[in-house]
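Owing to the predicted nature of the structure, the values given are computational and were not obtained by experimental measurement. For this chain, numbers begin at 1 and follow the sequence in order. Excluded from the calculations below are hydrogen atoms, water molecules and symmetry mates; all remaining heavy atoms, backbone and side chain alike, are included.
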Amino acid sequence: MAARSSSLNLIAYAPALTMNDSRPLEIVHGMERAFPGLHLGWMISDSGQRIPLPDRDAFVSRERRDGGFPLLRNGDAAFRVTLTGWESTADNSPSGQAQLEIHANLPWAATGVAVAVDVIEAIGENSRAFWGHVLPEGVTVTVSDQFRHSGNSPHVPPKGLPSLNLPWQLVSPEIPHYLGWLNYWSAATAQAIGFPDPSRDGELLMRARCTASGGWVVQLTDAPLDLENPTHLDILLQAYERFPEIGGRSAP
């Protein structure tokens, strides 16, 4: 059994922010509603110190850092929750369209795991995201090794996982770069990858729910994904086989 990750990493990809865009504050409020007792009322100074924000909402509405919004966190140093966003440039994004990347970290604890589904749904819906995911911190390293970079050497990803094209090589922002433990798929993304198909997706539908916007939150395994667990790895491999569009492995 691999050492347990210290946190759950969440990323969602949404259309880039526009002038006077209200989504940053909607994302913050949505995450707090989804996580009972959470208050993202602090920022982090350049020296790494927590600074309370007396008027957090005004701060979030006003500040636009790196095309997104500044790093926010809660006040409990022993139970750290963070949220931030920045712009992924057109050169680094599918089909040459700049995107807003939303990043959150949840603690690996019973509370964090329990709210993860609600949090990814809230962030996905309030950001109008194309897609998003939650992964244990340690699994993200394996995912990074799945991306096929240019070069003459054959690409052999770990654990029999498929090679994935780099994000800017994908033909559409609706195509997920890879699979997570929890997956937020907008209605457009679900259509692009062919989900759901009742004849093939019975197992996935047992751990999925439809969102208010017509998207889906799909959970691959009951517990957070552990690639040292053969059952988890097999489920992940089957999901990649089911959705060859993910990672640009076939035409959408």
- Message: Once you measure the plane-to-plane angle for Trp131 and His177, does it fall in the parallel (<30°), tilted (30-60°) or perpendicular (>60°) bin?
- Response: perpendicular
- Could you state the interatomic distance from CD (Glu245) to OG (Ser172), rounded to the nearest 0.5 Å? 11.5 Å
- Do the side chains of Pro24 and Leu17 get nearer than 4.5 Å, heavy atoms only? yes
- Query: What distance do Leu179 atom CG and Tyr240 atom OH have between them, rounded to the nearest 0.5 Å?
  - Reply: 4.5 Å
- Message: Side chains of Glu137 and Ser6: any donor to acceptor distance under 3.5 Å?
- Response: yes
- Within a strict 4.5 Å, meaning less than it, do heavy atoms of the Gln146 and Pro162 side chains meet? yes
- State, yes or no, whether a side-chain contact exists between Trp181 and Val139 at a heavy-atom distance under 4.5 Å. no
- Task: Determine the interplanar angle of the Phe35 and Phe79 rings, folded into 0 to 90°, and report it as parallel if under 30°, tilted if 30 to 60°, perpendicular if over 60°.
- Result: perpendicular
- Item | Test item: Met31 and Ile27 side chains (from C-beta on) under 4.5 Å apart, heavy atoms | no
- So do the side chains of Pro176 and Phe243 get within less than 4.5 Å of each other, counting heavy atoms only? no
- Item | Ser22 side chain to Glu26 side chain, donor-acceptor N/O pair below 3.5 angstrom | yes
- Query: Among Val113, Thr111, Leu8, whose side-chain contact (heavy atoms from CB on, under 4.5 Å) with Leu106 holds?
  - Reply: Leu8
- Query: Does the side chain of Pro15 reach to within under 4.5 Å of the side chain of Arg23, using non-hydrogen atoms?
  - Reply: yes
